[in-house]
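A quick write-up on the structure given underneath.
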Amino acid sequence: MKNKFLLPLSAVLFSAILFSCATGSGVKKSEAYPEFYGENPPASILIMPPINKTNNVDAKDYFYYTLPAALANYGYYVYPALLSMNTLQENSAYDAELFLEGNVTRFKKNFGADLLLFTTITEWQKHPVGGHVDVTVEYALRSTTTGEFVYRRTGTFDCDTSFKTGLSGGGILGLVGLLADTVGTAVKTAATDYTTVARCCNYLTLSDIPYGKYSPGFGNDGESMSGVNPIKTSAKVSGVSD
């Protein structure tokens, strides 16, 4: 049965776009990310296993499989997640921390990947009492040719899962309303799907990446202004999904 408390993606897209319009870095994308606009711009990305610095042992797997679609939407060939994970494990390359600053040319030779995506999860938790699901992830793209980091951003997404009955006032009615709000918030928070929240955080933070060669927008966004870093936004679970 599908989760009935999924965050509508359209609400998040609007939130992210609104935030980006309100603030900016003051630097053009072609200046912020020059490696994407040279003679041989990167076209393929290998996603490394996420680095999990939280107490949520499942965060790594939850998050890893939400990443390919986000990158593909921007016009890059992304190596299939399941196949990549198996190959990395077989070649003793499952621990991404070993390669965050180490030699990465082997991934160009063995996979043909132009870029490696490293992600570090620093926050991944639900707050039933306050009615929030918070995710903070650091994203870094590293060239397998030069070893340089060509894209770094940190995204924090605060999903508001509070529940309000609308009952207020003093006396029994007010107490009933308060109890219903507390219980409803806890249930709604628990039911909110981490996968959906992760997808929203991906869209938010990766929205600044220049378009890849498989996108119609390729080569046309160099004059656009790059976004702020780190970026933070929030949205409320306001709809019901079948």
Side-chain angles (χ1 to χ4, degrees), residues 29 32-54 57-122 124 135-155 194-195 198-219 221 226 229 231:
K29 284 190 175 184
Y33 314 115
E35 295 84 357
F36 290 84
Y37 299 94
E39 293 184 1
N40 297 299
S44 59
I45 300 175
L46 173 64
I47 301 173
M48 299 296 288
I51 300 168
N52 185 14
K53 293 188 175 181
T54 75
V57 296
D58 296 322
K60 187 171 183 174
D61 290 336
Y62 267 119
F63 181 60
Y64 180 71
Y65 293 100
T66 67
L67 288 165
L71 294 167
N73 284 339
Y74 288 102
Y76 293 89
Y77 173 76
V78 183
Y79 292 83
L82 183 58
L83 178 62
S84 299
M85 183 69 81
N86 291 338
T87 304
L88 290 170
Q89 290 175 332
E90 291 172 359
N91 289 274
S92 302
Y94 181 72
D95 189 353
E97 288 186 272
L98 298 176
F99 302 98
L100 190 59
E101 300 295 341
N103 191 322
V104 294
T105 56
R106 62 184 288 190
F107 296 98
K108 182 71 171 181
K109 178 181 179 180
N110 296 338
F111 284 89
D114 297 320
L115 299 175
L116 299 182
L117 175 66
F118 292 89
T119 51
T120 304
I121 307 168
T122 57
W124 190 271
V135 173
T136 299
V137 182
E138 300 170 2
Y139 300 73
L141 285 168
R142 192 177 178 200
S143 170
T144 57
T145 301
T146 65
E148 298 294 323
F149 285 97
V150 297
Y151 184 93
R152 280 183 180 271
R153 290 192 96 202
T154 298
Y194 263 131
T195 302
R199 289 195 184 104
C200 296
C201 189
N202 292 340
Y203 175 85
L204 166 72
T205 316
L206 294 173
S207 62
D208 205 46
I209 191 172
Y211 286 116
K213 65 181 294 185
Y214 303 109
S215 168
F218 174 62
D221 57 352
S226 63
N229 185 36
I231 185 168

Closest non-hydrogen contact found for Ile121 with Pro50 is CD1-CB, 4.1 Å
Could you please spell out the steps behind the side chain to side chain contact (heavy atoms under 4.5 Å, CB included) verdict for Thr66 and Tyr203? CA-CA 10 Å; Thr66 67; Tyr203 175 85; over 6 Å; no
Quick one: CG on Leu141 to CG on Leu46, what's the gap to the nearest 0.5 Å? 11.0 Å
From Tyr77 atom OH to Leu71 atom CG, the distance as rounded to the nearest 0.5 Å: 13.0 Å
Please name all residues satisfying side chain to side chain contact (heavy atoms under 4.5 Å, CB included) with Pro41, sequence neighbours left out, ordered by chain then number. Phe218
Would you please name every residue forming a side chain to side chain contact (heavy atoms under 4.5 Å, CB included) with Tyr33, sequence neighbours left out? Lys29, Phe36, Tyr151, Arg153, Asp208, Pro210, Ser226
For Asn202 and Ala70, which heavy atoms make the closest approach, and how far apart are they? CB-CB, 3.9 Å
With sequence neighbours excluded, what pairs up with Thr146 under the side-chain hydrogen bond (donor to acceptor under 3.5 Å, both in side chains) test? Ser143
What pair of heavy atoms forms the shortest contact from Tyr79 to Gly112, and how long is it? OH-C, 3.3 Å
Drop me the distance from Arg106's CZ to Thr144's OG1, to the nearest 0.5 angstrom. 12.5 Å
Sorted by chain and residue number, the side-chain hydrogen bond (donor to acceptor under 3.5 Å, both in side chains) partners of Tyr214 (sequence neighbours excluded) come out as none
Starting from the C-alpha separation in whole Å, work towards a yes-or-no answer on side chain to side chain contact (heavy atoms under 4.5 Å, CB included) for Ile209 and Tyr76. CA-CA 11 Å; Ile209 191 172; Tyr76 293 89; 4.0 Å; yes
Work out which heavy atom in Gly155 is nearest to a heavy atom in Cys201; give both atom names and the distance. O-SG, 3.7 Å
Worked check of side chain to side chain contact (heavy atoms under 4.5 Å, CB included) between Phe118 and Glu101: CA-CA 11 Å; Phe118 292 89; Glu101 300 295 341; over 6 Å; no
For Thr122 and Thr54 the tightest heavy-atom approach is C-CG2, 3.6 Å
Phe107 and Leu116 have their tightest heavy-atom pair at CD1-CD1, 3.6 Å
Report yes if some heavy atom in the side chain of Ile51 is under 4.5 Å from a heavy atom in the side chain of Lys60; otherwise report no. no
Check side chain to side chain contact (heavy atoms under 4.5 Å, CB included) between Ala81 and all other residues, then give those that pass, not counting sequence neighbours. Tyr64, Tyr65, Pro68
Going from CD on Glu35 to CG on Leu115, what distance comes out if it is rounded to the nearest 0.5 angstrom? 9.5 Å
What do the steps show when you test Asp114 against Lys108 for side chain to side chain contact (heavy atoms under 4.5 Å, CB included), and what is the final call? CA-CA 6 Å; Asp114 297 320; Lys108 182 71 171 181; 2.6 Å; yes
When you measure from the side chain of Arg142 to the backbone N and O of Gly147, does any donor-acceptor pair fall under 3.5 Å? yes
How about Ser215 and Tyr74: do any of their side-chain heavy atoms sit closer than 4.5 Å? no
Could you work out, with side chain to side chain contact (heavy atoms under 4.5 Å, CB included) as the rule, every residue matching Thr154, not counting sequence neighbours? Thr136, Glu138, Asn229, Pro230
Would a distance-only check, ignoring hydrogens and angles, find a side-chain to backbone donor-acceptor pair under 3.5 Å from Tyr139 to Thr205? no
